[in-house]
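Here is the structure we will look at, set down as C-alpha cells.
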Amino acid sequence: MGNKQWTSLLGLANRARKVVSGEELAIKEIRSGRAKLVLLAEDASVNTEKKISDKCASYGVPLRKVPDRYMLGQAIGKDARVVVAIIEEGFAKKLITMLDGSLWG
C-alpha cells in the first residue's frame, strides 16, 4: 500500500510539471537550487549514486532511495528512470514523509 501512495503522488507531481527526470537535468536543478528532493533508484550504478549523493550533500538537497528504476519510471509514466528531482516544496515534503514511513523490504 505504501508503494502505491508515493508513486501516485509522484505521478501527480509529474502531471503538475514539478518533476525533472534524468541524471544531467536533475544535477542542473540541484545546482540551481530548485530541487527540493531527489529520488534515486536502488539499482543505480555506483558512479551515478556517488555523483548524485555528493551533489545532494553539497547543496543540502534531501535524497531518498526508491526500490528500482522501473518503479520510478512507471510512476511518472515513462521508461525506466534512475534519478528524478522534485522542484516543488509541497510535493517534496509529502513524498519524504511517505517514503520515510514506508518499508518495501
Side-chain angles (χ1 to χ4, degrees):
M1 188 166 115
N3 278 351
K4 233 358 174 203
Q5 291 179 329
W6 76 259
T7 55
S8 295
L9 185 65
L10 185 57
L12 183 65
N14 186 56
R15 288 190 296 280
R17 301 196 183 279
K18 302 298 180 188
V19 173
V20 175
S21 69
E23 186 179 335
E24 293 308 316
L25 291 173
I27 288 173
K28 184 178 159 199
E29 295 300 332
I30 294 167
R31 282 190 185 134
S32 72
R34 291 182 58 207
K36 307 298 181 209
L37 169 65
V38 174
L39 300 178
L40 179 67
E42 291 274 359
D43 58 353
S45 71
V46 175
N47 194 19
T48 299
E49 186 174 348
K50 180 172 177 15
K51 189 191 296 187
I52 296 294
S53 60
D54 288 352
K55 275 283 179 256
C56 286
S58 64
Y59 285 87
V61 177
L63 174 68
R64 295 294 183 275
K65 290 199 173 181
V66 296
D68 61 50
R69 64 183 70 200
Y70 304 104
M71 185 180 285
L72 199 52
Q74 186 180 9
I76 61 171
K78 298 193 174 156
D79 291 334
R81 290 291 189 264
V82 176
V83 181
V84 300
I86 289 77
I87 56 173
E88 201 271 326
E89 192 74 41
F91 283 121
K93 284 182 177 176
K94 186 64 178 169
L95 279 163
I96 289 170
T97 304
M98 289 173 142
L99 289 167
D100 287 353
S102 78
L103 297 171
W104 55 71

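Hydrophobic clustering (ILVMFWY, side-chain heavy atoms < 4.5 Å, transitive): F91 and W6 are in one cluster. A continuous path of Ile, Leu, Val, Met, Phe, Trp and Tyr side chains, each step under 4.5 Å between heavy atoms, connects L95 with L72, placing both in one hydrophobic cluster. Following chains of ILVMFWY side-chain contacts shorter than 4.5 Å, one can reach V61 starting from I27, so the two form part of one hydrophobic cluster. By the criterion of side-chain heavy atoms lying less than 4.5 angstrom apart, applied directly or through intervening Ile, Leu, Val, Met, Phe, Trp or Tyr residues, L63 is not grouped with V66; the two fall into different hydrophobic clusters. Hydrophobic clustering of Ile, Leu, Val, Met, Phe, Trp and Tyr side chains at less than 4.5 Å, counting indirect connections, unites L12 with I76.
Here the closest heavy-atom approach between residue E42 and residue P67 is recorded as CB-O, 3.2 Å. Heavy-atom minimum distance, A92 versus K36: CB-CB, 3.6 Å. Closest heavy-atom contact between A44 and R69: CA-NH2, 4.0 Å. Here the closest non-hydrogen pair linking G90 and E88 is N-OE1, 3.2 Å. Closest approach of V19 to N14, counting heavy atoms only: CG2-N, 3.5 Å. Contact detail for I86 and L10: the closest heavy-atom pair is CD1-CD1, 4.0 Å.
Inter-residue side-chain proximity for L40 and V82 is flagged as met; some heavy-atom pair is nearer than 4.5 Å. Using a 4.5 Å heavy-atom cutoff, the side chains of L9 and M98 are in contact.
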> T48 and E23: side chain to side chain contact (heavy atoms under 4.5 Å, CB included), yes or no, with the steps?
Replying inline: CA-CA 8 Å; T48 299; E23 186 179 335; 3.4 Å; yes
> Hey, mind stepping through L39 and L99 against side chain to side chain contact (heavy atoms under 4.5 Å, CB included) and telling me if it holds?
Replying inline: CA-CA 10 Å; L39 300 178; L99 289 167; 3.4 Å; yes
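A salt bridge does not link K18 with E89: none of the charged nitrogens is closer than 4.0 Å to a carboxylate oxygen.
Atom CG of D54 sits in a crowded spot, with more than 12 heavy atoms from other residues, nucleotides or ligands closer than 6.0 Å. Within 6.0 Å of atom CD in Q74, 12 or fewer heavy atoms from other residues, nucleotides or ligands are found, so the atom counts as exposed in its surroundings.
In this structure, the separation between NZ on K65 and CD1 on I52 is 11.5 Å, given to the nearest 0.5 Å.
Side-chain atoms of R64 do not come within 3.5 Å of backbone N or O of L37 as any donor-acceptor pair.
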